[in-house]
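Below is one structure, written out as structure tokens, with a few remarks after it.
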Amino acid sequence: MRTASILGDWPTTEAQARAIQDELRTRVVLDEPGPEPGTGHVTGVDVAYDDERDLVAAAAVVLDAATLELVEEATAVGRISFPYVPGLLAFREIPTVLAALDTLGADPGTVVCDGYGRAHPRRFGLASHLGVLTGLPSIGVAKNPFTFSYEEPGASRGSFSPLLAGDEEVGRALRTRDGVKPVFVSVGHRVSLDTACAHTLRLTPRYRIPESTRRADALCRRALREAAASGRAD
DNA sequence: GCGACAG
DNA sequence: ATCTTGTCGC
């Protein structure tokens, strides 16, 4: 029901989308440390696309933050709501992600997005946007540095270096596994950068990418396959 | 003006 | 994101 009202005035043009980001950005909360890593729940969200069939599938996977065991998972399928434009990714992913989150019975805890939060041209990436719309603490963990610069962090897990937009630190390049390419962590909503990195390290005991994101990725791909096979969307 | 550019 | 087989390595 909430999703319907949000889709009601979903932007059509890039200019409208940017204006929405500029307005919602003022509601981001950056002065809370956020939930203690390793306590409560952590929820991974991800989205998969079938542009041919105009289908999008989202998944939300709730994990126990201490054990990383599955608590609950949800999916939603819909139509593509916006083209991919660098800097406007949220408008492509958020409607279906919200639909999936809405069906969860468990408290999502901290939401982990596959993308950026503050590390964004207007400091309002997917994780920030999702955080503001849901009120939930959120962080972004991306696989690429986008347009930002960074110096290679030390080779061991836990090493990090600032992710920079000019001389402004908008996130961190964080090494989650020894000798493996870093991930790019930024704050979404109601979580500090230190806490966001601590969460990310707890979520990567085995792989470079957070367990939450890996599970959400697998789940939304499966949901997309099934939706394409049965030919439904809603 | 041209190229780069989260997923 | 997605198109795609085998293959090198732990």
Side-chain angles (χ1 to χ4, degrees), chain A residues 14 17-18 20-21 24-25 28 44-61 75-98 100 111-132 138-150 155 157 163-166 168-174 176-189 193 196 200 204-210 212-225 227-229:
Chain A
E14 295 183 22
R18 285 192 294 270
I20 289 171
Q21 291 181 327
L24 291 182
R25 180 181 51 207
V28 173
V45 295
D46 196 19
V47 177
Y49 302 93
D50 183 335
D51 289 279
E52 295 290 293
R53 297 181 163 123
D54 184 30
L55 283 177
V56 49
V61 177
T75 61
V77 178
R79 301 294 178 182
I80 295 174
S81 55
F82 207 83
Y84 171 66
V85 179
L88 300 178
L89 175 66
F91 295 95
R92 185 167 167 81
E93 309 222 326
I94 276 186
T96 319
V97 168
L98 284 179
V111 178
V112 179
C113 296
D114 187 15
Y116 288 118
R118 264 200 75 198
H120 177 274
R122 286 167 295 284
R123 306 292 178 267
F124 195 73
L126 172 62
S128 320
H129 202 142
L130 193 56
V132 165
S138 64
I139 69 174
V141 181
K143 300 182 285 297
N144 300 294
F146 199 13
T147 61
F148 305 104
S149 60
Y150 68 101
R157 164 176 157 86
L163 184 65
L164 301 170
E168 178 186 0
E169 182 183 44
V170 294
R172 285 181 188 155
L174 176 66
T176 55
R177 304 300 307 161
D178 287 355
V180 173
K181 174 182 171 171
V183 296
F184 303 89
V185 180
S186 60
V187 160
H189 183 58
L193 186 52
T200 303
T204 49
R206 174 120 170 106
Y207 299 103
R208 171 184 177 238
I209 302 301
S212 42
T213 299
R214 300 183 72 249
R215 298 191 67 146
D217 179 73
L219 182 57
C220 69
R221 290 190 197 220
R222 175 151 54 84
L224 183 64
R225 284 202 320 268

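Chain letters run A, B, ... following the sequence lines, proteins first, then strands; residues in each count from 1.
Checked against A:Thr204 for a side chain to side chain contact (heavy atoms under 4.5 Å, CB included), the options A:Ile209, A:Thr213, A:Val183, A:Thr176 give a single hit: A:Thr176.
Counting only Watson-Crick and G-U wobble pairs whose two key distances fall under 3.5 Å, DNA chain C forms no stem of three or more pairs. Pairs of Watson-Crick or G-U wobble type, with distances under 3.5 Å, never assemble into runs of 3 or more in DNA chain B.
Atom CZ in A:Arg221 sits about 8 Å away from atom C1' in C:dA1, given to the nearest Å. Taking atom CZ of residue A:Arg53 and atom P of nucleotide C:dT2, one finds them 14 Å apart after rounding to whole Å.
Taking A:Arg222 as the reference, nothing meets the side chain to side chain donor-acceptor pair (under 3.5 Å) condition, with sequence neighbours excluded. Considering only residues two or more places apart in sequence or on other chains, A:Leu224 meets the side chain to side chain contact (heavy atoms under 4.5 Å, CB included) condition with A:Ala48, A:Asp50, A:Leu55, A:Ala57. A:Asp46 meets the side chain to side chain donor-acceptor pair (under 3.5 Å) test with no other residue; sequence neighbours excluded. For A:Asp51, the side chain to side chain donor-acceptor pair (under 3.5 Å) test picks out A:Arg92, with sequence neighbours left out. A search for side chain to side chain donor-acceptor pair (under 3.5 Å) contacts involving A:Glu14 returns nothing, not counting sequence neighbours. In this structure, the ring-ring contact (aromatic ring centres under 6.0 Å, His included) partners of A:His129, at least two apart in sequence or on a different chain, are A:Phe91, A:Phe124. Partners of A:Asp54 according to the side chain to side chain contact (heavy atoms under 4.5 Å, CB included) rule, which considers only residues two or more places apart in sequence or in another chain, are A:Arg79, A:Ile80. Taking the side chain to side chain contact (heavy atoms under 4.5 Å, CB included) definition, one finds that A:Ala119 meets it with A:Tyr116, A:Phe148, A:Leu163, A:Val170, A:Ser186, sequence neighbours left out.
Checked against the 6.0 Å centroid criterion, the rings of A:Tyr150 and A:Phe184 qualify as a close aromatic pair.
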Run the side chain to side chain contact (heavy atoms under 4.5 Å, CB included) check on A:Arg157 and A:Val180 step by step: do they pass?
CA-CA 9 Å; A:Arg157 164 176 157 86; A:Val180 173; over 6 Å; no
The contact string for nucleotides 5-10 of chain C, one letter per nucleotide 5' to 3', using protein heavy atoms under 4.0 Å with B, S and - for base, sugar-phosphate only and none, comes out as ------
Encode nucleotides 2-7 of chain B as B, S and - characters from 5' to 3', where the letter depends on protein heavy atoms closer than 4.0 Å: B to the base, S only to sugar-phosphate, - to neither.
---SBB
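Residue A:Ser128 comes nearest to A:Val28 through the heavy atom pair CB-CG2, 4.2 Å, listed as atom of the first residue, atom of the second, then distance.
In terms of modelled atom types and a separation under 3.5 Å, the side chain of A:Gln21 and the main chain of A:Gly87 share a donor-acceptor contact.
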